[in-house]
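Notes for the one structure printed next.
Residue numbers run from 1 in the order of the sequence given.
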Amino acid sequence: MVLLALLALAAGLLLGHFGAGFPLWDLLLHSQDGVLNLLMLSVGVSIGLQRGIWQSMRRQPAKVLVIPLGVTAGSLLGGVLCALLTGYPLAESASIAACMGWYSLGGVTIEALAGGVYGGVAFLSNLMREILSFFCIPLLAKYLNPAACIAAAGATSEDTTLPVMMKYTGEENVVLSVFNGVVCSAFVPVLLPLCYHLGLR
């Protein structure tokens, strides 16, 4: 999955540089809203496919809610801290952090809000969060706990990082991981524009 994302990024860079005026490329550029809606549909489908998730969550309600709320708060605080350290505008930095690893939606949405430079930063920083999660999860599982592994993965804990999570934290934490990813993914389309438009600039 990581390799495919990197290959897609490289292909996009090449098409952007050499493919100006190519009809199919122009069609893709003018279909961004449709692509975003398709992404949202796929998230809904992935939630619907999780059989028995609600029954499992009812058995540990406090833990189920604390993890995604902590991940969301920690991500936003991290964005604010990065703004202070790097001099980035607070609105853009908080919006980028609000993606919580969902690089495909974040890159396109922030590009539409703040321009291509910030869209590129959003895409790459959230892609890096996912890639680093693959390396961090084994260490976090060994030295900390499953909740730390889920927090590192952010919104990706329901899909791309889930196999690594299962391997290193045990199948009993799969429900927590999936629910965290579902909640964080649901928060992203709301928090991202909210952070940008709340006058944090």
Ignoring hydrogens, what is the shortest heavy-atom contact between [X] and [Y]? Give both atom names and the distance.
| X | Y | answer |
| --- | --- | --- |
| L76 | A94 | CD2-O, 3.9 Å |
| P189 | S185 | CD-O, 3.0 Å |
| C149 | M165 | CB-SD, 3.6 Å |
| A98 | V188 | O-CG2, 3.4 Å |
| G106 | A122 | O-CB, 4.0 Å |
| S93 | G79 | OG-O, 2.5 Å |

Residues M100, L191; criterion side-chain contact (heavy atoms from CB on, under 4.5 Å); working and verdict: CA-CA 10 Å; M100 291 185 276; L191 286 175; 4.3 Å; yes
Atom pair OH (Y168) and NZ (K142), whose distance is rounded to the nearest 0.5 Å: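 Separation between the atoms: 11.0 Å.
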Between OG on residue S125 and CD on residue E130, distance to nearest 0.5 Å: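 Between atom OG of S125 and atom CD of E130 there are 12.0 Å.
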Linked, directly or transitively: [X] and [Y] (ILVMFWY side chains, under 4.5 Å):
| X | Y | answer |
| --- | --- | --- |
| M128 | V121 | no |
| V178 | L140 | no |
| V183 | L65 | yes |
| L69 | L176 | yes |
| I131 | L124 | yes |

Residue pair R129, S75: steps toward the side-chain contact (heavy atoms from CB on, under 4.5 Å) verdict: CA-CA 11 Å; R129 178 172 183 167; S75 297; 3.0 Å; yes
If only atom types and distance count, is the side chain of [X] paired as donor or acceptor with the main-chain N or O of [Y] below 3.5 Å?
| X | Y | value |
| --- | --- | --- |
| Y196 | L113 | yes |
| S177 | S157 | yes |
| N126 | G107 | no |

I'd like to check [X] versus [Y] (side-chain heavy atoms, cut-off strictly below 4.5 Å). Are they in contact?
| X | Y | value |
| --- | --- | --- |
| C99 | L192 | yes |
| C82 | Y88 | no |
| P89 | Y118 | yes |

Which residues share a ring-ring contact (aromatic ring centres under 6.0 Å, His included) with F187, sequence neighbours left out: none
Results of side-chain hydrogen bond (donor to acceptor under 3.5 Å, both in side chains) for T161 - residues two or more places apart only: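 Counting only residues at least two positions away or on another chain, T161 forms a side-chain hydrogen bond (donor to acceptor under 3.5 Å, both in side chains) with T156.
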Test log, rule side-chain contact (heavy atoms from CB on, under 4.5 Å), inputs L139 and F135: CA-CA 8 Å; L139 294 173; F135 297 102; over 6 Å; no
The single option from N145, I67, T169, I137 passing side chain to side chain contact (heavy atoms under 4.5 Å, CB included) against I150: I67
